[in-house]
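Inspection log for the structure reproduced underneath, given as C-alpha cells.
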Amino acid sequence: MTDKIKLLAAALMIIAGIAGFYYFADSPSVVRLGSVLAGLAAAVALFWFTQTGKQFFAFSQESVAEARKVVWPTRKETIQTTGVVFAFVVVMALFLWLVDAGLLWAVKLLMGQGNT
C-alpha cells in the first residue's frame, strides 16, 4: 500500500513540475525548465524507494550488463551488410518495375482488343 502511495506522489510531483512550467510562463526559460526537471528529479528519487523502482533499476543494471556481452559487428561487416541490403533493394525495385510495366502493357493490349 505504501508503494502505491509513493507512486502516486511521484506522479503528482511530475504533474507539479509540468504545472510549474506553465505557472512560470513569464519567467526565463531556465526557471521553467528547472521546474520540470525538479519535479522529475523528485519523482525519480521517490520512485527509487518503491519496490517497483528497485525492480526497474535492477532490470536496468542487468540490461546494461547484457548489452556489454553483445559482440557488435565490425565496421567492415556493417558496410558489407548495408551493401547487400542496398543491392537487394535495387534488384527488388527493378523486378517490381518490370512486373508493373508488364502488367501495364498487358492491360493496354487487352483494352485495345476489347474496343475493336
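Numbers here are sequence positions counted from 1. Quick caveat: nothing in here was measured; it's all calculated off a predicted structure.
- V99 and F88 fall within the same hydrophobic cluster, where Ile, Leu, Val, Met, Phe, Trp and Tyr residues are linked whenever their side-chain heavy atoms come under 4.5 Å apart, directly or through other members.
- Note that the CD1 atom of I14 and the CZ atom of F47 stand 9.5 Å from one another [nearest 0.5 Å].
- In this structure, OG on S35 lies 11.0 Å from OH on Y22, to the nearest 0.5 angstrom.
- Between A10 and A43, the shortest heavy-atom contact is O-CB, 3.3 Å.
- The neighbour count for F56 CZ, taken as heavy atoms of other residues, nucleotides or ligands under 6.0 Å away, does not exceed 12.
- Panel note: side chain E77, backbone T74; a donor-acceptor pair is recorded below 3.5 Å.
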- Show the numbers, then the answer: is there a side-chain contact (heavy atoms from CB on, under 4.5 Å) between F86 and V90? CA-CA 6 Å; F86 280 137; V90 168; 5.6 Å; no
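- The nearest pair of heavy atoms linking T52 to L7 is OG1-CD1, 4.3 Å.
- The side-chain heavy atoms of T50 and L46, taken from C-beta on, include no pair separated by under 4.5 Å.
- Atom CG in L37 sits 4.5 Å away from atom CG in L33 (nearest 0.5 Å).
- Interatomic distance, L110 CG to W105 CH2, rounded to the nearest 0.5 Å: 8.5 Å.
- At least one test fails for R32 against the ring of F24: distance under 6.0 Å to the centre or angle within 45° of the axis.
- In terms of hydrophobic clustering, with Ile, Leu, Val, Met, Phe, Trp and Tyr side chains grouped at heavy-atom distances under 4.5 Å, L96 and L103 are assigned to a common cluster.
- In this structure, the separation between CE on M13 and CG on L8 is 10.0 Å, given to the nearest 0.5 Å.
- The hydrophobic cluster containing I5 does not contain L12, counting ILVMFWY residues as joined when their side-chain heavy atoms lie under 4.5 angstrom apart, directly or transitively.
- Note that NZ of K76 and OG1 of T81 are 11.5 Å apart. Values are rounded to the nearest 0.5 Å.
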